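The block underneath contains the structure these notes are about, expressed in structure tokens.
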Amino acid sequence: RTHVLLSAVGIVVLLVVRPPVAWTLAVAVLVVAGLAVELMNSALEAALDKLHPDQDSAIGAAKEMASAAAAVINLSAVALFLGAILAASS
């Protein structure tokens, strides 16, 4: 929910600030990719928890890697968003 809210706020900010279209499209693509990765991460975690409810180091590592993938996409979206803001102000 937080991701969706922050994504919506970011898109509204870009619509107001009006950076070049390429920046806006790039941010939008990464936001959608971030949402998709978050959904896949949640699905993976739910499936692993259902299949193996006990603690397991290999399963824990897999869950951490999936979370890290989501973090990389989301941090990239933030960096691109900031670049779009800078591009709009120059």
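Nothing fancy with the numbering, it's 1 onward along the sequence. What you see is a predicted model, and the numbers here were worked out from it, not measured in a lab.
In this structure, I11 shares a hydrophobic cluster with L15, the cluster being traced through Ile, Leu, Val, Met, Phe, Trp and Tyr side chains under 4.5 angstrom apart. Through direct or relayed side-chain contacts under 4.5 Å between Ile, Leu, Val, Met, Phe, Trp and Tyr, L44 connects to L48, I59.
The shortest non-hydrogen separation linking P19 to A88 is CA-CB, 3.6 Å. Nearest heavy atoms, A84 versus L14: CB-CD2, 3.8 Å.
The only member of V13, V31, L86 that meets side-chain contact (heavy atoms from CB on, under 4.5 Å) when paired with F81 is V13.
A continuous path of ILVMFWY side-chain contacts below 4.5 Å connects V27 to L82, so both sit in one hydrophobic cluster. Transitive grouping of hydrophobic side chains (ILVMFWY, heavy atoms separated by less than 4.5 Å) keeps L6 and L35 in distinct clusters. Cluster annotation: V29 is not connected to L39 through the hydrophobic network of ILVMFWY side chains, with a link wherever side-chain heavy atoms come within less than 4.5 Å. Hydrophobic clustering (side-chain heavy atoms under 4.5 Å, transitive across Ile, Leu, Val, Met, Phe, Trp, Tyr) groups V4 together with V9.
Sorted by first and then second residue, the side chain to side chain donor-acceptor pair (under 3.5 Å) pairs involving residues 19-39 (not counting sequence neighbours) are E38-N74.
To the nearest 0.5 Å, atom CD of residue E64 and atom CG of residue N41 are 9.5 Å apart.
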